[in-house]
Amino acid sequence: MKKGIFLLALSLLFFSCKEDVLPPPKNKVDRETMINILYDLAVLEAARSQSFSTRVNYPTAVAFVKEKYKIDSLTLAENTKYYASDLKDYKKMYEEVRKRLDQNRNMGSSPPPPSSAPDVGGVVK
């Protein structure tokens, strides 16, 4: 009896440690496109969180992404779930998104070129 319980526990442990990755969705989005979608969502959600963006009625980030990439909500959700099922790769995808965000932030941090507007002695009209 003890041997049977031990074998059952051992077999449960063996089969439970198997890494199951979800099967790809029917309308699978390739990895690079998914990275672009994650990047767009990050930028749009950041812009939406700024106070100036609340004055304008912009579409939601998901609505924008669905229109830009010609996908529906179910496809977006299935692909997000599929890519998130492999945490190591999903983390790498987000690291690529972070690198792109850092690159774009650094591009915008350089001082603007000198203005061609005439100097009016510090008076703003």
### Audit row: D102, K99, salt bridge (charged side-chain N to carboxylate O under 4.0 Å, His left out) steps and yes/no
CA-CA 5 Å; D102 289 341; K99 286 178 188 175; over 6 Å; no

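- Sequence neighbours left out, the pairs with a member in residues 69-82 that pass salt bridge (charged side-chain N to carboxylate O under 4.0 Å, His left out) are E67-K70.
- Minimum interatomic distance between I71 and V65 (heavy atoms only, all atoms of both residues): CG1-O, 4.5 Å.
- Listed by first and then second residue, the salt bridge (charged side-chain N to carboxylate O under 4.0 Å, His left out) pairs that reach into residues 25-35 are R31-D89, R31-E96, sequence neighbours excluded.
- There is a path of hydrophobic side-chain contacts, each under 4.5 Å, that joins L38 to L22.
- A search for side-chain hydrogen bond (donor to acceptor under 3.5 Å, both in side chains) contacts involving T80 returns nothing, not counting sequence neighbours.
- A chain of hydrophobic side-chain contacts below 4.5 Å, direct or via other Ile, Leu, Val, Met, Phe, Trp or Tyr residues, connects Y94 to Y82.
- Of all the heavy atoms in N27 and T75, the pair that sits closest is O-CG2, 3.4 Å.
- A search for side-chain hydrogen bond (donor to acceptor under 3.5 Å, both in side chains) contacts involving N36 returns R100, not counting sequence neighbours.
- F64 is linked by a ring pair (Phe, Tyr, Trp, His ring centres under 6.0 Å) to nothing, counting only residues two or more places apart in sequence or in another chain.
- Listed here is the closest heavy atom pair of V97 and I35: CG2-O, 3.7 Å.
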Give the table of side-chain donor-acceptor pairs shorter than 3.5 Å for residues 39-46, with sequence neighbours excluded, one pair per line with atom names and distance.
| unit_1 | atom_1 | unit_2 | atom_2 | d |
| --- | --- | --- | --- | --- |
| Y39 | OH | N104 | ND2 | 2.2 |
| D40 | OD2 | K68 | NZ | 2.9 |
| D40 | OD2 | Y69 | OH | 2.6 |

